[in-house]
Amino acid sequence: MRSRYATAGAARWVLIVTDVVAGILGLWIALYVLDANPSNDLVRWVHGAADWLSAWAHDMFTPREGWLRTLINYGIPAVAYLLLGHALAVRLRRAD
């Protein structure tokens, strides 16, 4: 079975960066939903990184429940990064 990162060149790096970005956003969603300690250094770092990565989508939707607000406002950017990054990687792969 072929690895998803088996492609060469720029397409591989686009896939790796895209997956890391989406992973950070997904990790923040999980930490928030699981009520992680906000004074923990790792939790603070993940939250800061997720805020920066999803700044364009902050308060796009404002449901009353905090978990749902977090899921939507960080989940949409994660999915958008995955879709755009993987589409770009496909184009780069075809150009090689």
Side-chain angles (χ1 to χ4, degrees):
M1 180 174 204
R2 188 173 169 192
S3 168
R4 90 190 272 172
Y5 301 115
T7 186
R12 176 187 306 154
W13 288 107
V14 168
L15 286 174
I16 291 170
V17 169
T18 299
D19 290 348
V20 168
V21 166
I24 290 170
L25 291 166
L27 180 58
W28 170 243
I29 293 168
L31 290 171
Y32 183 87
V33 169
L34 296 172
D35 200 26
N37 179 4
S39 61
N40 179 280
D41 289 336
L42 176 64
V43 174
R44 266 189 282 158
W45 184 87
V46 171
H47 186 204
D51 275 347
W52 186 79
L53 291 168
S54 65
W56 58 270
H58 278 209
D59 295 329
M60 185 181 293
F61 299 99
T62 56
R64 291 179 192 232
E65 295 83 13
W67 68 269
L68 184 58
R69 180 179 296 195
T70 300
L71 179 65
I72 292 171
N73 290 320
Y74 291 91
I76 289 173
V79 171
Y81 286 129
L82 283 173
L83 290 175
L84 293 173
H86 285 254
L88 177 61
V90 167
R91 290 206 178 245
L92 289 171
R93 199 176 313 141
R94 286 184 186 159
D96 281 344

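Values below: every heavy atom of this structure, side chains too, minus hydrogens, waters and symmetry copies. Sequential numbering from 1 along the given sequence is applied to the chain's residues. Given the structure is predicted, the values throughout are model-derived calculations rather than measurements.
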Do you know which two heavy atoms are closest between [X] and [Y], and how far apart they sit?
X	Y	answer
Ala36	Val43	CB-CG2, 3.8 Å
Ala78	Ala22	O-CB, 4.0 Å
Ala50	Ile24	N-CG2, 4.1 Å
Thr18	Gly85	OG1-CA, 3.3 Å
Tyr81	Leu53	OH-O, 2.6 Å
Gly75	Ile29	N-CD1, 3.6 Å

Are [X] and [Y] in one and the same hydrophobic cluster, where Ile, Leu, Val, Met, Phe, Trp and Tyr link if side-chain heavy atoms are under 4.5 Å apart?
X	Y	result
Val33	Trp28	yes
Val90	Val17	no
Leu31	Trp45	yes
Phe61	Leu71	yes
Leu42	Val20	yes

Kindly compute the distance separating [atom1] ([X]) from [atom2] ([Y]), expressed to the nearest 0.5 Å.
X	Y	atom1	atom2	value
Ile72	Asp59	CD1	CG	11.5 Å
Leu83	Leu88	CG	CG	12.5 Å
Leu25	Ile76	CG	CD1	11.5 Å
Met60	His58	CE	NE2	10.0 Å

message: For a 4.5 angstrom cut-off between non-hydrogen side-chain atoms, does Asp19 reach His86?
response: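 Sidechains of His86 and Asp19: in contact.
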Heavy atoms from other residues, nucleotides or ligands near CH2 of Trp56 exceed 12 (cutoff 6.0 Å): yes
Quick note, salt bridge (Lys or Arg N to Asp or Glu O under 4.0 Å) partners involving residues 23-41, not counting sequence neighbours, are Asp41-Arg44
Residue pairs meeting side-chain hydrogen bond (donor to acceptor under 3.5 Å, both in side chains), one or both in residues 68-78, sequence neighbours left out, come to Asp51-Tyr74
